Visitor: 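One structure is given below, represented as structure tokens, and several questions about it will come after.
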Amino acid sequence: MTTMQTVLAVVMILASLFLTFTILMQSGSRQGMSGTISGGAETFFGSGKAKGMDAMLNKLTIVVAIVFVALAVILNVLQ
């Protein structure tokens, strides 16, 4: 294994950990149902911030997933 392959493998491991983190930090699609059933103030007061954070995490997840797949293809071609 060359030095470049080792560096790419380490970057891929870090990307996979970061991808897992970004996926786990996103709120679930069913989480919004609790606010509609209970009618909590969370939907009134914190809706803008939560939606902004989810949108940012969604974009970040897409970018990290593209980097992960690109690294997987590159490492496969180099072997």
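Note that the coordinates shown come from a computational prediction; the quantities given were computed from them, not determined experimentally.
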Visitor: Which heavy atom in Leu19 sits nearest to a heavy atom in Ala65, and how many Å separate them?
Guide: CD1-N, 3.9 Å
Visitor: Mind checking the CG-CD spacing from Asn58 to Gln26? Nearest 0.5 Å is all I need.
Guide: 5.5 Å
Visitor: With hydrophobic residues grouped by side-chain heavy-atom distances under 4.5 Å, do Ile74 and Val11 end up in a single group?
Guide: yes
Visitor: So, for Leu57 and Thr61, which heavy atoms are closest and what is the spacing to 0.1 Å?
Guide: O-OG1, 2.7 Å
Visitor: Any idea which heavy atoms bring Ser27 and Asp54 closest together, and the distance?
Guide: OG-OD2, 2.7 Å
Visitor: Just verifying a value: how many Å separate Met12 CE and Leu17 CG, rounded to the nearest 0.5 Å?
Guide: 11.5 Å
Visitor: So, does Gln5 use its side chain to make a donor-acceptor pair with the main chain of Thr2 at under 3.5 Å?
Guide: yes
Visitor: Just verifying a value: how many Å separate Phe68 CZ and Ile13 CD1, rounded to the nearest 0.5 Å?
Guide: 10.0 Å
Visitor: Could you give the distance from CG (Leu71) to CG (Asn76), rounded to the nearest 0.5 Å?
Guide: 12.5 Å
Visitor: Please tell me whether Leu14 and Val67 are part of a single hydrophobic cluster in this structure, the criterion being side-chain heavy atoms less than 4.5 Å apart.
Guide: no
Visitor: When rounded to the nearest 0.5 angstrom, what distance separates CE in Met25 from CG in Leu60?
Guide: 11.0 Å
Visitor: When rounded to the nearest 0.5 angstrom, what distance separates CD1 in Ile62 from OG1 in Thr22?
Guide: 10.0 Å
